[in-house]
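So that we are looking at the same thing, I have put the structure below in C-alpha cells.
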Amino acid sequence: MMSNLRTMLTCRWAARRVQRYLDSDPAAPLDAAEAHRLQAHLAECARCTRRVEEYRALGQALRDWSAQHAPDPARVARLHEQAERLITQGPE
C-alpha cells in the first residue's frame with residue numbers, strides 16, 4: 001500500500017516536470033537534482049515513460065504540421081507593414 005502511494009506521488013511529481021524537461025525551458029529549468037530524479041523515475045515507470053513518448057510524438061507532429069503549413073509571406077509582410085504604421089503613426 002505504501003509503495004503504491006509513493007509511486008502515485010512520484011508520478012504526480014514527475015507529471016508536473018515532464019514538459020519542462022522535454023522543452024529544456026530556460027524560463028523554468030529543472031535543476032540537476034530534479035532532472036536526475038525524473039530520469040530515475042522514468043527508467044522505472046512505464047506509465048510516465050509512455051507520457052513522455054506521447055509528448056515527444058505530439059511535439060514532432062506539431063513540427064511536421066508547421067513545416068507543411070508555413071504562413072503566406074504576403075500576409076506576413078502586410079502584418080509587418082501595418083504594425084510599423086501603428087508604431088510610427090499611431091491608430092488612425
How long is the span from the CZ atom in R50 to the CZ atom in R47, to the nearest 0.5 Å?
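Here the rounded value is 8.0 Å.
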
Give a yes or no on whether the backbone of P71 and the side-chain of R75 come within a donor-acceptor separation of less than 3.5 Å.
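Answer holds: no.
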
For R20, check salt bridge (charged side-chain N to carboxylate O under 4.0 Å, His left out) against everything at least two apart and list the hits.
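In terms of salt bridge (charged side-chain N to carboxylate O under 4.0 Å, His left out), with neighbours along the sequence ignored, R20 is linked to E34.
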
I need the Q19 CD to S24 OG distance, nearest 0.5 Å.
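If we round to the nearest 0.5 Å, Q19:CD and S24:OG are 10.5 Å apart.
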
Single-linkage hydrophobic cluster, 4.5 Å side-chain cutoff, V76 and L86 together:
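They do not share one cluster, since no chain of ILVMFWY contacts under 4.5 Å joins V76 to L86.
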
Decide yes or no on side-chain contact (heavy atoms from CB on, under 4.5 Å) for V52 and Y21, but give the supporting numbers first.
CA-CA 10 Å; V52 167; Y21 174 75; 5.8 Å; no

Rounded to the nearest 0.5 Å, what separation is found between the CD atom of E53 and the SG atom of C48?
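So the CD of E53 and the SG of C48 are separated by 11.5 Å.
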
Rounded distance [0.5 Å steps], CD in E84 versus CD in Q82:
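Taking CD in E84 and CD in Q82, the distance rounds to 11.0 Å.
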
Pairwise side-chain contact, H41 with C11, heavy-atom cut-off 4.5 Å (strictly under):
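Heavy-atom side-chain distance check passes, below 4.5 Å.
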
About how many Å separate CG of L30 and NE2 of H36, when rounded to the nearest 0.5 Å?
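Between H36 NE2 and L30 CG, I get 13.5 Å after rounding to 0.5 Å.
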
For R16, is the CZ atom crowded, meaning more than 12 foreign heavy atoms sit under 6.0 Å from it?
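Result for CZ/R16: enclosed.
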
Hey, are Q60 and D64 close enough side-chain-wise for a donor-acceptor pair under 3.5 Å?
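A pair is found: one side chain offers a donor N or O, the other an acceptor, under 3.5 Å apart.
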
Is a side-chain donor or acceptor of H69 paired with a backbone partner of W65 at a separation under 3.5 angstrom?
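Such a contact is found between H69 side chain and W65 backbone.
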
Got a second to check how far R37's CZ is from L42's CG, nearest 0.5 Å?
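Reported to 0.5 Å precision, the distance equals 11.5 Å.
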
